[in-house]
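For clarity, every value in this text was computed on a predicted model and none was experimentally measured. In what follows, chains carry the letters A, B, and so on, assigned in the order in which the sequence lines appear, proteins first and then strands, with residues in each chain numbered from 1.
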There are 2 protein chains.
Amino acid sequence: MEDQLETDGAETRAVPRKRQARGERRISDILAAAARVLAVQGYEKTTTNAIAAEAGISPGSLYQYFRNKDEIAAELAATYAEGLRAAHEAAFDLTDVALLTPGETIDRVVDPILAFNLANPGFKALHARPDMPPGLVAAARPIHEALLGRVTGLLEARFPGRSSVELHLAARLMIQVFQAAMPSITAAEPEDRPAIITEVKRMLSAYVRELADR
Amino acid sequence: MEDQLETDGAETRAVPRKRQARGERRISDILAAAARVLAVQGYEKTTTNAIAAEAGISPGSLYQYFRNKDEIAAELAATYAEGLRAAHEAAFDLTDVALLTPGETIDRVVDPILAFNLANPGFKALHARPDMPPGLVAAARPIHEALLGRVTGLLEARFPGRSSVELHLAARLMIQVFQAAMPSITAAEPEDRPAIITEVKRMLSAYVRELADR
DNA sequence: AAAGAATGCGAGCGATCACTCGTGTTTGTC
DNA sequence: GACAAACACGAGTGATCGCTCGCATTCTTT
């Protein structure tokens, strides 16, 4: 009935032929509003009306730019994926990883994600929460995969002889540890955060040492 | 109108004056059904009608025994708390903890919780999920507190000189590590689980060693 | 066996929420 | 300035869900 299904039968957007500048701004507003609401409410409890209200628009206008609630989250996840990728790239491109100590390497990986999480409170709502429809989990997966690949690569560089399966498992565990600690960090008062962060890094460092001595 | 509010104004149950044996059985059935549904659906997505259907009763009968959905979850959490406490007690009462090696101690703490999680799939839905109303989080807290206290106590026994705050933080992190890995373990094929479990224990052991060398 | 209590039922109520629709307003284009 | 497209609105729709209510059945007690 509308302009949803276009010539190709695949998942096409309700995109007008020519988006106005006002529309582009609205999209940014909506995504920012969604991030704010998601950060405190979680996905399921976030209502589309609440996002619209937070963005200062009507519920109907929301659907001028997004086909449904999932699409908002997916778009936000894509934005986050790009931001995190850029942050990581910036932390790595200047240095040869082989020259770093294990502790420095951990800092290089952890600090950007940490900063990103603290700067983007909506991020963890989209990744550390299990209350999302399967389609959304799939949308968030590329971020996880990229991170897992990056960490596995670092381990492979440091432990060339080890089996890929072993290092993959180790990398996954290390990421899970970080994710598990993240809520504690964001929930803590800012002055208490460094202690927790130090402790997490100690855990990861100790594990990497154990991996080396194995 | 009914028998809900009794003499005291506090939160009283809709308890009949004399529960029949049939009623006691129903309660067990309902809790078991709720655990099954919760395990696969999570709290929010679990509907009371689904619990009733799983238990083979009508929606109305559900509310013969529980005042609302939250109370079902709270009762289940209480059951789990007792089961876990018993499992831990059984693993500890025969031995003096001071005689165990760190690795053995970790086994003593981890193995019962691990077994309990695998035997009770609904358990983690009630504890590892953030999609619960505040009242329910409060109901699940005693389990966490007990575990945290137990682990902190073990660390204090092993590191008498350390500050309580430091060990508390360490204990919390260790528990988080375990919780972080738990979903992977339950999701994995049974034959893949030992490898993951070994890895988690290695990480915890390495961390305890780091704590000793600090 | 009779009465009262406990149990059982399931249609349906009220609230919530994602999403729509009819209509009005703004913007870009000629 | 005229026309169309994009944007905006917000009451309303249909679906879902927690929970209730009126009534039927079963159990316990006497």
Side-chain angles (χ1 to χ4, degrees), chain A residues 1-6 13-31 33-34 37-38 41-76 131-133 135-136, chain B residues 1-6 13-31 33-34 37-38 41-76 131-133 135-136:
Chain A
M1 288 66 178
E2 294 90 8
D3 44 354
Q4 291 177 359
L5 288 183
E6 287 163 5
R13 300 270 310 284
V15 181
R17 288 209 291 262
K18 188 156 172 16
R19 174 93 64 207
Q20 300 178 355
R22 177 173 43 149
E24 300 286 358
R25 250 180 286 124
R26 278 280 187 245
I27 291 178
S28 306
D29 293 347
I30 292 168
L31 289 178
V37 180
L38 280 169
Q41 302 277 10
Y43 181 79
E44 287 294 348
K45 287 188 164 182
T46 294
T47 70
T48 54
N49 283 16
I51 295 175
E54 175 77 22
I57 63 176
S58 81
S61 294
L62 229 186
Y63 290 87
Q64 180 82 13
Y65 301 103
F66 299 94
R67 288 217 295 223
N68 50 47
K69 185 181 172 182
D70 289 11
E71 199 173 74
I72 300 174
E75 201 99 346
L76 197 57
D131 59 341
M132 300 198 305
L136 261 289
Chain B
M1 287 63 182
E2 292 92 7
D3 42 357
Q4 292 177 0
L5 286 184
E6 287 162 4
R13 299 266 312 282
V15 180
R17 287 210 290 263
K18 189 158 176 6
R19 173 93 66 208
Q20 300 179 357
R22 178 172 41 147
E24 300 287 357
R25 250 179 286 123
R26 277 282 186 245
I27 290 179
S28 307
D29 292 349
I30 292 168
L31 289 177
V37 180
L38 280 169
Q41 301 277 9
Y43 181 79
E44 286 296 347
K45 287 188 165 182
T46 294
T47 70
T48 54
N49 283 15
I51 295 175
E54 176 77 21
I57 63 177
S58 81
S61 294
L62 229 186
Y63 290 87
Q64 180 79 14
Y65 301 103
F66 299 94
R67 288 215 295 223
N68 50 47
K69 185 181 173 183
D70 288 11
E71 199 173 73
I72 300 175
E75 200 99 347
L76 197 58
D131 59 342
M132 300 198 305
L136 261 289

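- The CD1-C1' distance, from I72(B) to dC19(D), rounds to 11 Å in whole Å.
- Residues S28(B) and R25(B) form no side-chain contact, since every pair of their non-hydrogen atoms from C-beta on lies 4.5 Å or further apart.
- With rounding to the nearest 0.5 Å, the separation of CG in L31(B) from CZ in F66(B) is 4.0 Å.
- Proximity of R22(A) to the phosphate of dT27(C): no side-chain N or O atom is located under 4.0 Å from OP1 or OP2.
- For the pair K69(A) and Y43(A), the distance from NZ or CZ to the six-membered ring centre is under 6.0 Å and the angle to the ring normal is within 45 degrees.
- Closest to the Q64(A) side chain, of the nucleotides dC9(C), dA8(D), dA5(C), is dA8(D).
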Donor-acceptor list for residues 45-52 of chain B side chains, cut-off 3.5 Å, not counting sequence neighbours:
from	atom 1	to	atom 2	distance (Å)
T46(B)	OG1	G42(B)	O	2.6
T47(B)	OG1	A50(B)	N	2.9

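- With distances taken from any side-chain atom of R19(B) to the nucleotides dT29(C), dT7(C), dC9(C), the minimum falls on dT7(C).
- Nearer the 5' end of DNA chain C, as judged by each residue's closest nucleotide, is the contact made by K18(B), out of G56(B) and K18(B).
- Rounded to whole angstrom, the span from the CZ atom of F66(A) across to the P atom of dA8(D) amounts to 12 Å.
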Practice task
Please step through side chain to side chain contact (heavy atoms under 4.5 Å, CB included) for the pair E75(B) and I30(B), ending with a clear verdict.
Solution key: CA-CA 11 Å; E75(B) 200 99 347; I30(B) 292 168; over 6 Å; no
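- Remark: C1' of dG8(C) and CD of Q20(B) are 11 Å apart, rounded to the nearest angstrom.
- Contact annotation: the side chain of L76(B) approaches that of L38(B) to within less than 4.5 Å [non-hydrogen atoms, C-beta and beyond].
- Going from atom CD of E24(A) over to atom C1' of dT27(C) covers 14 Å, rounded to whole Å.
- G23(A) comes within 4.0 angstrom of the backbone, heavy atoms only, and of no base.
- Set against dC9(C), dC9(D), dC7(D), the side chain of I57(A) has dC9(D) as its closest nucleotide.
- Note on R26(B): a side-chain N or O is less than 4.0 Å away from OP1 or OP2 of dG8(C).
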Under-3.5 Å N/O pairs linking protein and nucleotides 12-18 of chain D:
from	atom 1	to	atom 2	distance (Å)
dG18(D)	OP1	T46(B)	O	3.1
dG18(D)	OP1	K69(B)	NZ	3.2
dG18(D)	OP2	T48(B)	N	2.7
dG18(D)	OP2	T48(B)	OG1	3.2

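- Taking atom CD1 on I30(A) and atom C1' on dC7(D), their separation rounds to 11 Å, with Å as the unit.
- Looking at residues two or more places apart in sequence or on another chain, you find no salt bridge (Lys or Arg N to Asp or Glu O under 4.0 Å) involving D70(A).
- For the pair L62(A) CG and dC17(C) P, the interatomic distance rounds to 15 Å; values are reported in whole Å.
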